Amino acid sequence: MKAAFVYLFIALCFIAFVLYSNQPHRLKSKVHRNLHAGRRLVIRKLSIGRDSKHENVAFDPIVASFERKREDRTWEKEYFQEQFKQWSKDSEPGHTHESAPHPQSQPEPAEWDYKDPEDFLNDEEHFNVSSRILTLFPLIDNHPSDGRISLDELQDWHLQAALTEAEHRAIREMEHHDKNHDGMVSFAEYLPHSELEDEANRSMEHGGVGWWKEQFDTADEDGDGLLNAKEFNNFLHPQDSRNPKLHEWLRKQEIRERDHDKDGKLNFKEFEEGIYDIIKLHDEGEALHSSSDSDSSARREANAKRRFLELDKNKDGFLTEDELVPIMDNLHPGEAYYAKQQAEYLISQADTNKDGYLTIEEMLENPYIFYSTAFAYEDYEEYYHDEF
Ligand SMILES: *[C@@H]1O[C@H](CO)[C@@H](O)[C@H](O)[C@H]1NC(C)=O
Ligand SMILES: *[C@@H]1O[C@H](CO)[C@@H](O)[C@H](O)[C@H]1NC(C)=O
């Protein structure tokens, strides 16, 4: 009886949610005062899921928190629909239903409707980017607090924010997999049974069950067969973890994927075919800008050879796992890598006197540079045309 009510409740929520999400965007009644030159701060729709592309983290924690909220809603919607499908399946005779969605993950249209956060961001009375920068400056300028922000400080700022975001997503994803709600994820919970049972699917190839299992076991630092929140986060983001075994595992994968003759190391040909193009992009930085004919096949061969020799420390003609260490940031960029890029970009844009540091004056001169993840130049008219 009680269960019937729960189902009814879920169904009603679902219907309400579908109705709500199909409603057209309400016309934003407020006329925004700070559409400087058609500039409007927006909250990005971040793509979610394992294979989504990397997005730079927001400079301002307030913007990040709005983005997170929006992302959570999107995730909840997907999660909820999946649960609903599962429930419909489970409620066929012979099935028992185990996991109702957590009450907190149910949509609350009323709260979301309460204030459009984009209106908030674009209302200078509430959200003044200059005073935000004045507030944030001392928090970033903290090693040492010398009145100027260095590349290191700005990189750290973005890195900490990115790691916090990643952890938040990992917890959310963990909730999704943790079917028995014990706060741990087992391998069977992580991969659906249909895949586990498929023998052909135990392959060690990238994405095969054997491959996932190995990554899972490597992330399982205490070896209890279950991943706790920290281990699960490391499992999802091995390149950002502090587990040296995971870093080793990543390097092993790099070799394994390209090692056609299966000797456990890469010869020049395997390197040139599988790795050179990836690191070339990073070496040249702006490979897109270089004209394609500048890379004739002879030149390409010579460059590849040079890079191979540089990496092949012991000069035995092969690259081993350890010899890949210097290029792992290129093969598997982690948050530290992106945070550095982002900091370099912001400094290059805002450092007017080109001394390599940002002062509060420089930042206030062009505050919107720091909101570049969050602003769009949008013609006011166009904005509303797009909406309808
Ligand atoms: C925004 O903040 C700056 C610095 O605190 C101040 O000078 C400016 O008047 C503020 N702008 C608005 C519209 O409140
Ligand atoms: C594993 O099995 C599933 C379901 O049978 C299939 O969809 C998937 O493509 C398989 N994956 C691999 C890597 O073979």
Side-chain angles (χ1 to χ4, degrees), residues 3 6 10 48-52 68 71-72 74-76 78-87 89-90 95-106 160 162-254 256-257 321 328 332 334-336:
V6 172
I10 293 169
I48 58 177
R50 161 165 298 281
D51 297 317
S52 46
R68 184 163 53 232
E71 192 194 69
D72 281 350
T74 311
W75 181 82
E76 279 159 16
E78 284 175 14
Y79 177 77
F80 196 74
Q81 283 169 345
E82 197 177 301
Q83 290 285 316
F84 188 73
K85 267 189 246 145
Q86 190 62 36
W87 169 67
K89 243 196 284 170
D90 288 351
H95 284 86
T96 51
H97 176 62
E98 279 177 21
S99 48
H102 192 271
Q104 273 172 11
S105 63
Q106 286 171 14
Q160 289 319 315
L163 293 179
T164 307
E165 290 297 303
E167 206 180 313
H168 173 79
R169 287 182 195 144
I171 288 171
R172 199 174 59 191
E173 193 167 336
M174 185 158 176
E175 195 183 304
H176 168 76
H177 289 292
D178 181 15
K179 304 279 189 288
N180 66 358
H181 306 294
D182 64 351
M184 309 279 253
V185 173
S186 67
F187 190 63
E189 283 175 327
Y190 184 71
L191 278 191
H193 281 289
S194 56
E195 286 192 33
L196 281 176
E197 283 155 13
D198 185 352
E199 270 308 313
N201 230 326
R202 293 196 177 266
S203 110
M204 290 306 292
E205 275 172 35
H206 190 104
V209 169
W211 184 86
W212 281 119
K213 179 80 169 92
E214 201 178 74
Q215 182 169 349
F216 187 96
D217 290 342
T218 313
D220 181 17
E221 278 175 88
D222 59 15
D224 63 355
L226 299 167
L227 301 186
N228 60 32
K230 179 176 148 236
E231 290 168 342
F232 189 66
N233 187 17
N234 288 343
F235 169 69
L236 296 181
H237 313 111
Q239 65 277 39
D240 297 322
S241 81
R242 286 167 195 246
N243 174 352
K245 288 216 176 90
L246 274 172
H247 291 271
E248 220 170 89
W249 182 80
L250 281 177
R251 296 198 295 273
K252 205 161 122 192
Q253 292 317 307
E254 291 303 326
R256 197 144 69 187
E257 275 172 39
E321 274 163 54
M328 283 310 281
H332 274 275
E335 293 299 347

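Please read these numbers as outputs of a predicted model, since none were measured by experiment. Numbers for residues simply follow the sequence, beginning at 1.
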- prompt: Should M184 and D224 be marked as a side chain to side chain contact (heavy atoms under 4.5 Å, CB included) after you check the CA-CA gap, both sets of side-chain angles, and the distance that decides it?
  reply: CA-CA 10 Å; M184 309 279 253; D224 63 355; 3.5 Å; yes
message: Set out, in order, the CA-CA distance, both residues' side-chain angles and the distance that settles side chain to side chain contact (heavy atoms under 4.5 Å, CB included) for F232 and E173, then state yes or no.
response: CA-CA 9 Å; F232 189 66; E173 193 167 336; 4.1 Å; yes
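- The CD atom of E167 sits 11.5 Å away from the CG atom of L236 when rounded to the nearest 0.5 Å.
- With hydrogens and angles disregarded, a donor-acceptor distance shorter than 3.5 Å links the side chain of D220 to the backbone of G225.
- Smallest separation of non-hydrogen atoms from L226 and S186: CD2-CB, 3.5 Å.
- A donor-acceptor pair is defined here as one N or O able to donate and one able to accept, closer than 3.5 Å; no such pair exists between the side chain of H332 and the backbone of D240.
- Taking D72 as the reference, R68, E76, H168, R172 meet the side chain to side chain contact (heavy atoms under 4.5 Å, CB included) condition, with sequence neighbours excluded.
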query: How far apart are the C-alpha atoms of D217 and W249, what are their side-chain angles, what is the distance that settles it, and do they pass the side chain to side chain contact (heavy atoms under 4.5 Å, CB included) test?
result: CA-CA 10 Å; D217 290 342; W249 182 80; over 6 Å; no
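- In terms of the ring-ring contact (aromatic ring centres under 6.0 Å, His included) criterion, residue partners of H176 (sequence neighbours excluded) are, by chain and number, Y79.
- Under the side-chain hydrogen bond (donor to acceptor under 3.5 Å, both in side chains) criterion, the residue pairs touching residues 228-239 are N233-H237, with sequence neighbours excluded.
- One N or O on the side chain of E189 and one on the backbone of K179 form a donor-acceptor pair closer than 3.5 Å.
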- prompt: Would D178 and D182 satisfy side chain to side chain contact (heavy atoms under 4.5 Å, CB included), going step by step from the backbone distance to the final call?
  reply: CA-CA 7 Å; D178 181 15; D182 64 351; 3.0 Å; yes
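- Closest non-hydrogen pair, M174 versus G183, comes out as CE-O, 2.9 Å.
- Put simply, CD on E248 and CG on N243 are 9.5 Å apart, with the number rounded to the nearest 0.5 Å.
- Here the side chains of R169 and W75 are not in contact, with every heavy-atom distance at 4.5 Å or above.
- Taking the six-membered ring where tryptophan is involved, the planes of F235 and Y190 are perpendicular, since the angle between them exceeds 60° and thus also 30°.
- Salt bridge status for E221 with K245: absent, with no side-chain N to carboxylate O gap under 4.0 Å.
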